[in-house]
Amino acid sequence: MPDDFDILSSVKESTTEIAKCPTCGAIMIYSPRKRALLCEYCGVTKDIDLSKIVPEQPFELLLNSSSLKWGNETHTFSCNNCGAKTIFGKGEVSKKCPFCGTTNVVESNEIPGLKPNGLVPFAIEKSDASENIKAWAKKKFFAPKAFKQTAEPEELSPIYTPSFSFDADTYSTYRGRLGEYYYETVRTSDGKTKEVRKTRYFSISGSIENEFDDILIRASSRISQKYLSDLGDFNSNNSNEYANEFLYGYSAETSERDGLECFNDADSIINASIKRSILSKYDYDVVDYLNVDTEYTNRTFKYLLLPIYIGHCNYKQKLYNVFVNGYNGRVTGKTPISIIKVAIVTLIGLAIFALLLVLFYYYD
Ligand SMILES: [Zn+2]
Ligand SMILES: [Zn+2]
């Protein structure tokens, strides 16, 4: 069977590692609370070197990195605890053995292409992440009351999610035309007067320097860039150097997206931010045009694994994804919307608008 042969020839057996308790031999996992490896069986802990802060990497490394991707071929591993053979999913570099529950972590020198060089360890326990989701749901104004009261996260799992972080200094020159409104009193044909809005345009040009630090761009399709940004700070400037120990007990994935593709996303964020910083120097009402030329210096990147809890809430047979920042506990995600609440708020808004119109004409 040629098909079977193709599948077999592309299967690679990976070398994985697990951690065993030096006292009782049970499996050890990384504990966010202890910030160390913990034997859940006898309570013994084993320190991890937390002092190694990951350095920034020169941008050229990203340019020269091969596009070899983990998961373009099928990988398997034999569990280091029970020996059962399991297939890694696309991108997975750390996975729980379905037979004995032990997390097996791929030896990092077996990951082809660009390897993650840093990681932010989980600092929030799963139980706290779950509580944070419930508190977050209660504060969602437009969510139905029943959802706010009963929201319960399901299948909440901690996953190290790949992300690129970019630093850059920029020097930009710009040229543009902005406009300011002014009003003129004109006489109408029936002899009355009225105010007419006009625009006075003026040219701007100059140069501006900006610094950008740790712009985080998602490298996984599991989370949108909006949700990643919503999760806020990961303290990524102090991320640890990548080490297998942090992954014990957790799923981890490598980048699905190309590093340069991720930089293009960062570039859009940087350009929008430069435009905002230029415009903030002027008083204006409208932008006619603004052309900006930007040169980069000191471009660096880090390829990080970020700690994120991913799960969902179930409401009326529909699933709503939720995400928790595993470093600071912040929550984001989708909630159902109460049509009635939206309708009431819209009606109140319209009523206020109508009232203002009446007042405006009454006093005019
Ligand atoms: Zn033990
Ligand atoms: Zn096993």
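Both ligands and their constituent atoms are indexed starting at 1 by order of listing. Remember, predicted model here, so these are calculated numbers, not experimental data.
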### Message
Just to confirm my numbers, could you give the angle made at the Zn ion (ligand 1) by SG of Cys42 and SG of Cys21, rounded to 10°?
### Response
110°
### Query
Any cation-pi pair here, Arg197 with Tyr183, using under 6.0 Å and within 45°?
no
### Task
Have a look at the Zn ion (ligand 2) and estimate, to 10 degrees, the angle subtended by SG (Cys79) and SG (Cys97).
110°
### Message
Working to 10°, measure the angle at the Zn ion (ligand 1) formed by atom SG of Cys39 and atom SG of Cys24.
### Response
100°
### Query
Under 3.5 Å, is there a donor-acceptor pair linking the side chains of Asp213 and Asn237?
yes
### Arg177 charged N/C atom sitting above Tyr289 aromatic ring, 6.0 Å / 45°
no
### Query
Checking Thr16 side chain against Val106 main chain: does a donor-acceptor pair fall under 3.5 Å?
no
### Task
To the nearest 10 degrees, could you say what angle the Zn ion (ligand 2) makes with SG of Cys82 and SG of Cys100?
120°
